[in-house]
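To keep things clear, I will list the structure first and then write my remarks on it.
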Amino acid sequence: MKIATINGIDIAYRDEGAGQPILFIHAFPVHSAIWDHQIAAFSPHHRVIAPDLRGLGASARGSGATSLDQHADDMAALLDHLAIENATVAGLSMGGYISFALWRRHRERVAALILADTRAGADSEEGRQGREKNARLAEEQGPSAIADQMLPKLLSPNAPAALRDQVRAIIESNDRAGIAAALRAMAARPDSTPLLATIDVPTLVIVGAEDALTPPSEAEAMFNAIPGCRLAEIPGAGHLSNVEAPEAFNAEVTEFLTPRQAFGVGGGGGGKW
Ligand code: MLT
């Protein structure tokens, strides 16, 4: 991992390959290791950037609370640091929430968007209370208690035990205070539904067919609201669809990234490429 001082703290990131950049923004409660298959697949033809969000993985947490806007500002500042004007932004779940914040605050940095296993809506009041309860659980009992709770929701029931163990190890390598900060940041996020109609860059919405956390109905709602976007469903995959079915996920991303010569691609309102 490389380290850069971004907005006053050390942010760790992978930076591999050369070509049109792709910024991969990871989910909760994991870190950039979930993108290993994508880094291997795309770095031969793209410059692939995969940071650990502040407070998670090898990145510092900073002091006090954080917010998804802060994460989005970190992503923009990391692109500045790397002299990247704009990138395809691929955000999975919490990474998708941060992609919306990036679109809201720094849209000139977003050349294209991949919204994976995420949703546009904010938390309900009940959801916010659940997040606070889990933030306290993380602070009191540490990441393994969060892993116990999240693992059944992150992968499909058919996921192999070895994959479950790998994801557990990633969660358990995270810092308890960083996990709690991420939960509170997600709880405070605004509703991004009104943003969807403003998205005017090529967009792929992608979802695991077995995603129990952000189910295909959420993906369909985004697909229907974003002009000219594509929708892909990954059969058999759960919430971390890029980890559980990397080949199918990568094939959809490859097709999306391949420029089209004429006539739109399928999707709500016709394609843009
Ligand atoms: C994630 O996968 O990033 C989170 O589980 C999303 C969430 O809890 O809303």
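For reference, positions follow the sequence shown, starting with 1. Just so you know, ligand 1 is whichever comes first in the structure, and atom 1 is the first atom listed for that ligand.
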| request: For N242 and H37, run side-chain contact (heavy atoms from CB on, under 4.5 Å): C-alpha distance rounded to whole Å, both residues' side-chain angles, the deciding distance at 0.1 Å, then the answer. | output: CA-CA 8 Å; N242 68 315; H37 291 291; over 6 Å; no
| task | Indicate yes or no for a side-chain donor-acceptor contact from S241 to the backbone of A237 under 3.5 Å, with no hydrogens or angles considered. | result |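 Looks like no, no N/O pair under 3.5 Å.
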| task | For S192 and L195, indicate whether the former's side chain and the latter's backbone hold a donor-acceptor pair under 3.5 Å. | result |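 Checking the backbone N and O of L195 against the side chain of S192, no donor-acceptor pair under 3.5 Å is found.
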| Would you call E132 and R184 a salt bridge, using N to O less than 4.0 angstrom? |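 Looking at R184 together with E132, the answer is yes, because their closest N to O distance falls below 4.0 Å.
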| said: Whether R14 and D52 form a salt bridge (side-chain N of Lys/Arg under 4.0 Å from carboxylate O of Asp/Glu) is what I want to check. | reply: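 Salt bridge: no.
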| request: May I ask you to decide if the ring planes of H31 and H26 are parallel, tilted or perpendicular, using 30° and 60° as cut-offs? | output: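 Aromatic pair H31/H26 classed perpendicular.
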N/O contact list for ligand 1, threshold under 3.5 Å:
residue: ligand 1; atom: 2 (O); partner: F28; partner atom: O; Å: 3.1
residue: ligand 1; atom: 2 (O); partner: S93; partner atom: OG; Å: 2.8
residue: ligand 1; atom: 2 (O); partner: H239; partner atom: NE2; Å: 2.7
residue: ligand 1; atom: 3 (O); partner: F28; partner atom: N; Å: 2.7
residue: ligand 1; atom: 3 (O); partner: S93; partner atom: OG; Å: 3.0
residue: ligand 1; atom: 3 (O); partner: M94; partner atom: N; Å: 2.8
residue: ligand 1; atom: 8 (O); partner: R131; partner atom: NH1; Å: 2.7
residue: ligand 1; atom: 9 (O); partner: Y97; partner atom: OH; Å: 2.5
residue: ligand 1; atom: 9 (O); partner: R131; partner atom: NH1; Å: 3.4
residue: ligand 1; atom: 9 (O); partner: R131; partner atom: NH2; Å: 2.8

